[in-house]
Each structure stands twice: as structure tokens, then as C-alpha cells.
Chemist: 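Have a look at this one before I ask anything.
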Amino acid sequence: MSISVLRTADAWWVLTPAGAAEVATRATTTAQLLADREALTAPGKRTVDVATLNLVSPVTAPCRVVAQMTNFASHVEDTGGNPATVPLTFFRKASGSISGPHDDVVRPAHVRLLDYEVEIGLVIGAEIPVGTEIGDDLSAYVAGLVVTNDVSARDVQLPQTQFYEAKSYPTFTPTGPALVLLDADEFKRFTDLRLKLSVNGEVRQDRTVADMIHRPAEALRALTRFQRLDPGDLVLTGTPVGTALSAPPKPVEILGSLLPPALKWKLFFRGQERNPRYLQDGDVVEAGVATDDGVLDLGTQRTVVRHAR
């Protein structure tokens, strides 16, 4: 049966019907907490109303943050690609980009095109050295799941043709509210999970994992050919259609390919700046993941966009 773990600055909590029960543990990191699983099933020292807690990310930094690129068929098609041929590709984010589920998302002063991407994060629960043979039982390697938002500075990402800086600014990976620990049977419902994101109440993204191209077991097999993973590490699994960025119409794309790079990007960004879907100061972003029947619910995060002053 799933266990929903919450975190505040000074304690860990388990969600119960009566509220949030404090966990009797000395763990200060996610990795340490996962090693103290007995504490998660023991009676809490005290129980409080969840609404009174000032939640921070249940995934602690430093840790590895690895993400899959264009991993939902709808997103691939929206960016002009072919889901049948898109490769399984990874990129890294700085662990310093992790922030809490209700923290402000701070847009750096030089960033004009700030985008959102609701994703499911896999929280690794076991040591996975390079060369590990990954089976189909996710519970052997993944402790649980968490809601994440892969915030992206598109005007940094695209001209550089690499993602690290554009996705690694502080607050660019809101995580939580809960780390939901699952058993083997519950992982079988992974494809039933629905990802939803809204901006100021307008639903922008809404797809189930059935739209995902490369599922977690396949991704971990590919990743562990070259990347070690440890308990507490975070693997983001991609986002569905609905981000602010989308591919230009084919004739415009063909015309753009004939232009010098500097002019092409200048014209592209001039057009993108007229796109009202990019995040602006004061926008409220809500991102959640759950099955339609509510049996599995990772919770909903609520963040507000603030421009760096």
C-alpha cells in the first residue's frame, strides 16, 4: 500500500487519514529516509493538520537529477518529430534547481521565454551501478514517484542546443508535494497516471502515461549503461503536449532553415515573444499527477512565477 511522505525544513511526515504524522527518524536526506523504512510505518510522535505545514521538496539536494527528452508522443508530434523514430535521450539538471511544491518560480532577469513541463519523477530507492541489469519490476529500483515541473528558459535552451543551463536555474524543478512510495502491484498502474498542469486556472497539459514512448524500465536500462544511480536520485520521465513552445508550421520551418542562424533565431524569438502562453510575473502554476479513480495520487503543487528583481 502506498505511503505519501511529506517534508518540512525540520521533519518528515507521513500522510494519514487523521492528518500528517511526524516520522521518528534522524534522516536529513531522502536517501537516509529511504534507508529507514521501518520509521515510515511506525506510529508518529504527533499528528497535525497538513494545511499547517510549510512543505519543502521531499527530494533533497544534492542528488543526481536526470531527465528524459521528448518522451510523450503528443509532445514529439507538437515539436515536429516522429514518435516512431524519436531516440531515447537524456539530459542533466543541477540539483540546485530543486525547490518546494509551493515555492515561487523565479525567472532570471535575462530570460524572456519561461516555459513549464509537468512530469513524473522517479525517486531511486536502491544503488544501481553502471552495468546493472534492470528487470521489469520497478519496485526493485524505484522507491516512489513525485510530481515535478521541468521549468525551462527556452531562449537560453534553443540557441545553445543543450539543456543544462536553461533548465538548471534555482527553482526550475519544483518537486512534491509528496513522495509517494509504491509497492510492486501499485507500480503496475503507472500507465494509468494522468499528468495535468494549469496556468491561472486554464488547463494547458492533460495526458495519461499511456502517451509515454519510453517507459521507466526501458529508460533505466539505457541510463545505467553509462550512469550510476543511488537512493534519492531523481529521474524525470518527460512531459505531454501543451507547453508554450511548439514547432512552427512546416513552410515557416523550411524558410527558417535557409536563413543565417543569427537571423533565424532573431525572427523566431520575436515571434515567440508574442505567444501569451509563456509564463509571466504573477502567473499561478498548478501541476498534479493521479489516476482518474484517485487510488494513486501524487498530489498537486502550486507555484507562483516571480521575476528576479
Chemist: Check whether the side chains of Ser99 and Thr171 place a donor and an acceptor atom closer than 3.5 Å, and report yes or no.
Modeler: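 Looking only at side-chain atoms, Thr171 and Ser99 do not form any donor-acceptor pair under 3.5 Å.
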Chemist: So, are Lys188 and Asp136 salt-bridged, with charged N and O less than 4.0 Å apart?
Modeler: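 Not counted as a salt bridge, because no side-chain N and carboxylate O are separated by less than 4.0 Å.
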Chemist: Above 12 or not: heavy atoms from other molecules or residues under 6.0 Å from CG of Asn54?
Modeler: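 Check fails, neighbour count at 12 or below.
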Chemist: Output yes when a side-chain donor or acceptor of Asp183 lies under 3.5 Å from a complementary backbone atom of Met1, and no otherwise.
Modeler: yes
Chemist: In terms of side-chain geometry, is the basic nitrogen of Arg154 or Glu117 positioned less than 4.0 Å from the acidic oxygen of its partner?
Modeler: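 Yes, Arg154 and Glu117 are salt-bridged.
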Chemist: How about Gln160 and Glu165: does a side-chain donor come under 3.5 Å of a side-chain acceptor?
Modeler: yes
Chemist: Go through the steps for Arg26 and Asp36 under the test salt bridge (charged side-chain N to carboxylate O under 4.0 Å, His left out), then give the verdict.
Modeler: CA-CA 9 Å; Arg26 294 184 178 180; Asp36 192 12; over 6 Å; no
Chemist: Which distance, rounded to the nearest 0.5 Å, do you find between the CG of Leu179 and the CG of Leu181?
Modeler: 4.5 Å
Chemist: Keeping Asn71 on the side-chain end and Thr237 on the backbone end, is there a donor-acceptor pair under 3.5 Å?
Modeler: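 Yes, the answer is positive, given that a donor and an acceptor are paired below the 3.5 Å cut-off.
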Chemist: Enter the distance from Arg107:CZ to Leu113:CG here, rounded to the nearest 0.5 Å.
Modeler: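 Those atoms lie 8.5 Å apart.
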Chemist: Between OH of Tyr278 and OG1 of Thr243, what distance do you get to the nearest 0.5 Å?
Modeler: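 Tyr278 OH to Thr243 OG1: 7.5 Å, rounded to 0.5 Å.
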Chemist: As an exercise, state the distance from CD of Gln272 to CG of Leu158, rounded to the nearest 0.5 Å.
Modeler: 8.0 Å
Chemist: Looking at Ser152 and Asp150, would you say the former's side chain and the latter's main chain have a donor-acceptor pair under 3.5 Å?
Modeler: yes
Chemist: Would you say Asp115's side chain and Ala244's backbone share a donor-acceptor pair under 3.5 angstrom?
Modeler: yes
Chemist: Are Val180 and Val118 linked, directly or through intermediate hydrophobic residues, by side-chain heavy-atom contacts shorter than 4.5 Å (ILVMFWY only)?
Modeler: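 Both belong to a single hydrophobic cluster.
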Chemist: Judged by atom type as modelled, is there a donor-acceptor pair below 3.5 Å linking the side chain of Thr16 to the main-chain atoms of Gly19?
Modeler: yes
Chemist: Using a distance-only test with no angle check, is there a side-chain donor-acceptor pair under 3.5 angstrom linking Thr291 and Asp192?
Modeler: no
Chemist: Starting at CG of Asp10, measure out to OG1 of Thr28 and round the result to the nearest 0.5 Å.
Modeler: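 Spacing of CG (Asp10) from OG1 (Thr28) equals 12.5 Å.
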Chemist: Begin from the C-alpha positions of Asp293 and Arg189 and carry the test salt bridge (charged side-chain N to carboxylate O under 4.0 Å, His left out) through to its verdict.
Modeler: CA-CA 11 Å; Asp293 60 10; Arg189 294 208 60 192; 3.0 Å; yes
Chemist: How about Thr8 and Leu6: do any of their side-chain heavy atoms sit closer than 4.5 Å?
Modeler: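 No, too far: nothing below the 4.5 Å cut-off.
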Chemist: Could you walk me through whether Ser97 and Thr173 pass the side-chain hydrogen bond (donor to acceptor under 3.5 Å, both in side chains) test, one step at a time?
Modeler: CA-CA 5 Å; Ser97 67; Thr173 314; 2.7 Å; yes
Chemist: Does the separation of the ring centres of Phe172 and Tyr169 fall below 6.0 angstrom?
Modeler: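 They qualify: ring centres under 6.0 Å apart.
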Chemist: Main chain of Leu220, side chain of Thr224: is a donor-acceptor contact present, judged purely on distance under 3.5 Å?
Modeler: yes
Chemist: Run the salt bridge (charged side-chain N to carboxylate O under 4.0 Å, His left out) check on Arg228 and Glu127 step by step: do they pass?
Modeler: CA-CA 8 Å; Arg228 177 186 175 88; Glu127 292 184 0; 3.5 Å; yes
Chemist: In plain terms, say whether Arg204 and Glu202 are close enough for a salt bridge, that is, a side-chain N and a carboxylate O under 4.0 Å apart.
Modeler: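 Answer for the salt bridge query: yes.
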Chemist: Evaluate the criterion side-chain hydrogen bond (donor to acceptor under 3.5 Å, both in side chains) for residue pair Gln205 and Thr239; output intermediate values, then yes/no.
Modeler: CA-CA 9 Å; Gln205 296 183 277; Thr239 198; 2.8 Å; yes
Chemist: Are more than 12 heavy atoms from other residues, nucleotides or ligands located less than 6.0 Å from atom CZ of Arg302?
Modeler: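 Not more than 12 within 6.0 Å, no.
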